[in-house]
K.L.:
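I'd like to ask you about the structure that follows.
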Amino acid sequence: MSRIIELIDKLEREHILPKSELVEIISGHTPETDEYLFEKARAVREKIYGKDVYMRGLVEFTNYCKNDCLYCGIRRSAKGAERYRLTEEQILECCETGHELGFRTFVLQGGEDVFYTDDKIVSIVTKIKEKFPDCAVTLSIGEKSRESYEKFRNAGADRYLLRHETANSEHYSKLHPKELSLENRMRCLADLKELGFQTGCGFMVGSPYQTAENLAEDLLYIYDLKPHMVGIGPFVPHHDTPFAEEKQGSLETTLLLLGMIRLILPNVLLPATTALGTIHPKGREMGILAGANVVMPNLSPKDVRKKYLLYDNKICTGDEAAECIACLGRRMESVGYKLVSARGDFIVDS
Ligand code: SAM
Ligand code: FES
């Protein structure tokens, strides 16, 4: 039996490996060992979540951002970005459309925009929960104080997505300006978990300067934190950033990591991301076949979609919400899975 197969078996049994063995898989995997891993990952996810794929309606409500992350197309120094904000009414309209289409989770995502004070976010969350009590609200609005997170939680927000981006502080400092630190990012994630949010961390695959060791460190961090969700997708360059000329992340490595994360945290909610669909026409289907169980179609109004351009060539920027969901439904069926209308909460082992 090949060494990599042996290590995949061990990962399935023990859910984590020493860093050196994680690096061995990341550096030595082949298409054959990938198939072996993905089969195991599918079996694990099907035991818990069956063939269901949960959908989350993404509302990209602002592309203003006070941060300057070097990879990001809506960073504050991206002068070409045409900035927009949605009003509370517009956000509620997106949810209304989404609810009619069967969405039971709304993800409010945006840059770190000081215009949306804690009170404004609390008001938006409260109104969505009043209007759609059967729905989960996920926030993805960056680093805040514990007090702010607590206000959002008390207003009824159920989940929070905050990718850690990389678990290595030296690598973190190559991707972010000085004022941002991995330490604070991790503090946020610990606070979110303690406050009872279903919490999601995650990272980009193939971000500039990333090594196989860094990816192994991401996996070790994920194992320790035990988040409910993990968002990973390939890094894709954006023309208006310092990383414009960097190479995009690889499809194969992203799929490999999806499969490994499924074995590390069997119950995790794991999206096949839009970035994955951007680097390959069948990227999201392949993500599902590698162990993912969530997709996040766009519910933002059509006229702002092209403005929330985190990276170049982002897909689904020209469709109506209804077209997006019909297309994704067909895509999931084409690989034997089923897009379902459910809140899709994290399942805790009984
Ligand atoms: N401001 C919030 C935050 O920081 O969590 C949410 C918005 S931020 C744009 C969402 C995620 O997009 C980031 O966590 C990052 O991983 C991803 N992202 C940004 N630029 C990207 C790029 N060029 N390629 C792939 N993903 C990117
Ligand atoms: Fe703020 Fe990307 S730099 S959302």
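Counting starts at 1 for both ligands and their atoms, following the listed order. These numbers come from a predicted model, not from an experiment. Count residues from 1 along the sequence.
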K.L.:
Show which atoms of ligand 2 fall inside a sub-4.0 Å distance from at least one heavy-atom site of Cys69.
P.N.:
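Checking each atom against Cys69, I get 3 (S).
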
K.L.:
Among all protein heavy atoms, pick out the one at the shortest distance from atom 9 (C) of ligand 1; state its residue, atom name and that distance to 0.1 Å.
P.N.:
Leu310 CD2, 3.4 Å

K.L.:
Both conditions, 6.0 Å and 45 degrees, for the charged tip of Arg153 above the ring of Phe197: are they met here?
P.N.:
yes

K.L.:
Heavy atoms only: which of Arg163, Gln109, Glu112, Gln248 lies closest to atom 10 (C) of ligand 1?
P.N.:
Gln109

K.L.:
For ligand 1, does Pro234 get within less than 4.0 Å through its side chain, its backbone, both, or neither, judged by non-hydrogen atoms?
P.N.:
backbone

K.L.:
Is Glu217 reaching over with its side chain to a backbone N or O of Thr166, donor-acceptor style, under 3.5 angstrom?
P.N.:
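Looks like no, no N/O pair under 3.5 Å.
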
K.L.:
Could you tell me whether a side-chain N or O of Arg42 sits under 3.5 Å from a main-chain N or O of Leu289, the two making a donor and an acceptor?
P.N.:
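Yes; judged by distance alone, with no hydrogens or angles, the pair exists.
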
K.L.:
Would you call the rings of Tyr172 and His176 parallel, tilted or perpendicular, taking 30° and 60° as the class edges?
P.N.:
parallel

K.L.:
Show, in sequence, the C-alpha distance, side-chain angles and deciding distance for Phe235 and Tyr311, and conclude whether the ring-ring contact (aromatic ring centres under 6.0 Å, His included) test is met.
P.N.:
CA-CA 8 Å; Phe235 160 73; Tyr311 44 83; 8.9 Å; no

K.L.:
So does Ser300 get a backbone contact from the side chain of Arg305, meaning a donor-acceptor N/O pair under 3.5 Å?
P.N.:
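Looks like yes, one N/O pair under 3.5 Å.
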
K.L.:
For Tyr308, which part has a heavy atom under 4.0 Å from ligand 1: side chain, backbone, both, or neither?
P.N.:
side chain

K.L.:
May I ask you to say whether Lys151 pairs ionically with Asp118, meaning some side-chain N is under 4.0 Å from a carboxylate O?
P.N.:
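Salt bridge flag = yes for Asp118 with Lys151.
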
K.L.:
Starting from atom 26 (N) of ligand 1, find the nearest protein heavy-atom neighbour and note its residue, name and distance.
P.N.:
Met204 SD, 3.5 Å

K.L.:
Out of all atoms in ligand 1, which are within 4.0 Å of some heavy atom of Ser140? Include the element for each.
P.N.:
2 (C), 6 (C)

K.L.:
Centre-to-centre under 6.0 Å for Tyr116 and Phe61, is that the case here?
P.N.:
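Between Tyr116 and Phe61, the centre distance is under 6.0 Å.
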
K.L.:
Starting from atom 4 (O) of ligand 1, which protein heavy atom do you reach first, and at what distance in Å?
P.N.:
Arg185 NH2, 3.4 Å

K.L.:
List ligand 1 atoms under 4.0 Å from Leu162, heavy atoms only on the residue side.
P.N.:
5 (O)

K.L.:
Heavy atom under 4.0 Å from ligand 1: found in Glu143's side chain, backbone, both, or neither?
P.N.:
neither

K.L.:
What protein heavy atom is closest to atom 1 (Fe) of ligand 2, reported as residue, atom name and distance in Å?
P.N.:
Cys65 SG, 2.2 Å

K.L.:
Test of understanding: given a 4.0 Å heavy-atom threshold, classify the contact between Ile74 and ligand 2 as side chain, backbone, both, or neither.
P.N.:
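Ile74 to ligand 2: side-chain contact only, backbone stays beyond 4.0 Å.
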
K.L.:
Could you tell me whether atom 20 (N) of ligand 1 has a protein heavy atom closer than 4.0 Å?
P.N.:
yes

K.L.:
Count the heavy atoms of every other residue, nucleotide or ligand shown that sit under 6.0 Å from NZ of Lys302, and state whether that count exceeds 12.
P.N.:
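Above 12, so yes.
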
K.L.:
Heavy-atom contact check, 4.0 Å cutoff: does Ala275 meet ligand 1?
P.N.:
no

K.L.:
Ring of Tyr223, cation from Lys226 - is the NZ or CZ under 6.0 Å from the centre and inside 45° of the axis?
P.N.:
yes

K.L.:
Should Tyr71 be counted as touching ligand 1, given the test is an N or O pair under 3.5 Å?
P.N.:
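Looking only at distances, the answer is yes, because the N/O contact criterion of under 3.5 Å is met.
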
K.L.:
Write out the residue and atom name of the closest protein heavy atom to atom 23 (N) of ligand 1, then the distance separating them to 0.1 Å.
P.N.:
Val236 O, 2.7 Å

K.L.:
So if I count the atoms of ligand 2 from 1 in the order they appear, which ones are less than 4.0 Å from some heavy atom of Gly111?
P.N.:
4 (S)

K.L.:
Could you name the option among Gly110, Gly142, Cys69 that has the heavy atom nearest to atom 6 (C) of ligand 1?
P.N.:
Gly110

K.L.:
Ligand 1 and Ile141, any nitrogen or oxygen pair closer than 3.5 angstrom?
P.N.:
no

K.L.:
Are any side-chain N or O atoms of Thr33 and backbone N or O atoms of His29, one a donor and one an acceptor, separated by less than 3.5 Å?
P.N.:
no

K.L.:
Look at the side chain of Glu112 and the backbone N and O of Glu143, then say whether any donor-acceptor pair between them is shorter than 3.5 Å.
P.N.:
yes

K.L.:
Parallel, tilted or perpendicular: which one describes the rings of Phe106 and His99, with boundaries at 30° and 60°?
P.N.:
tilted

K.L.:
Distance to 0.1 Å, residue and atom name: give those for the protein heavy atom nearest to atom 13 (C) of ligand 1.
P.N.:
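For this ligand atom, the closest protein heavy atom is Glu165 OE2, 3.3 Å.
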
K.L.:
Among protein heavy atoms, which lies nearest atom 2 (Fe) of ligand 2, and at what distance?
P.N.:
Cys72 SG, 2.3 Å

